Amino acid sequence: MRIKDKKRFIIACGGLAAILILIIVVLTISFWNRNESQAEADSKKNTQTTATAKETDTAANTQTAAAGQSTQTETKEEIKTTTTENAAGVDSVITLVNKNHSMSANYVPSDLVTVDLPSTRDTQLRSIAAEGLTKLFKAAEGAGLELYCCSGYRSYETQSELYTWNVETYGVDGAELVSARPGMSEHQLGLAMDVTSASVGFDLLESFGTTAEGQFINENAHKYGFIVRYPQGKTDITGYAYEPWHLRYLGVDVATAIYNSGKTMEEYYSTN
Ligand SMILES: [Zn+2]
């Protein structure tokens with residue numbers, strides 16, 4: 001190779017190297033840029049994901065809050081419907097339960113006992129009511145009368161079945177007069193007992209009110225803490241037909257005060 005050619009060769013090599021370097025630089029820059037935009041895209045994606053996650057969280061939180069609020073409303077509603085101006089709560093013996101005041105489906109008194117009295121079947125009451133009823137039965141026995149327990153505590157489910165049976169048998173209007181809707185029965189409170197006697201064939205009949213047993217109850221139940229909850233001629237107030245057999249425990253003081261007032265429980269507490 002001649003010197004001139006050698007020079008040319010070196011120049012050509014240098015040029016090629018320069019071109020190669022340029023290409024490498026361009027490629028590197030291009031690669032760099034791509035990475036950056038990818039990172040940016042990724043970052044954007046992350047932001048979006050975070051935002052979505054946040055939104056979802058917020059939605060979930062809102063839902064939770066809404067659920068909480070509705071639970072609170074329900075709780076408030078429950079308190080409103082299970083507590084009256086006079087009663088502290090569903091466990092209070094003076095709690096009002098009627099067509100406008102209900103209790104929750106899962107309320108079960110914690111102190112139920114099986115009554116140890118003449119009964120047409122095994123039945124339960126809250127212990128304090130059972131004590132009062134035992135004294136009432138003993139007093140009746142002292143007067144030569146024999147009372148029988150018929151139906152005390154009933155669970156929400158039992159009341160539900162009973163109400164459904166009454167609706168199927170008498171229609172809604174008929175059922176409403178003789179049977180409480182589930183959650184609205186004093187029997188679920190464990191503070192009510194239906195009593196009967198041989199004189200009415202151990203049945204629950206209006207005529208029980210005119211029997212010696214029915215009259216004894218009407219005149220003396222309050223002394224042992226009970227009232228005849230659905231008196232004659234008060235259907236427009238209580239919502240129920242006359243039930244001379246349905247006794248509600250309220251404790252001696254309140255039962256006596258209501259008896260002496262001649263009022264129903266609704267009238268006595270000025271509510272409905
Ligand atoms: Zn009853």
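Ligands are counted one by one from 1 in listed order, and the atoms in each one are counted from 1 as well. Small disclaimer: the values here were computed from a predicted structure and weren't measured.
Ring geometry, His222 versus Tyr259: the interplanar angle falls under 30°, so the pair is classed parallel (tilted spans 30 to 60°). Aromatic ring pairs are classed by plane angle as parallel below 30°, tilted from 30° to 60° and perpendicular above 60°; the pair Phe202 and Tyr148 is perpendicular.
Contact check on Lys234 versus Glu267 returns a salt bridge, with a Lys/Arg side-chain nitrogen under 4.0 Å from an Asp/Glu carboxylate oxygen.
Using modelled atom types and a 3.5 Å distance limit, the side chains of Gln188 and Arg154 yield no donor-acceptor pair.
Not a single N/O/S atom of Glu243, whether from backbone or side chain, sits less than 2.8 Å from the Zn ion (ligand 1).
As for His187, its N/O/S atom nearest the Zn ion (ligand 1) is the one called NE2.
To the nearest 10 degrees, the Zn ion (ligand 1) sees OD1 of Asp194 and ND1 of His246 at an angle of 100°.
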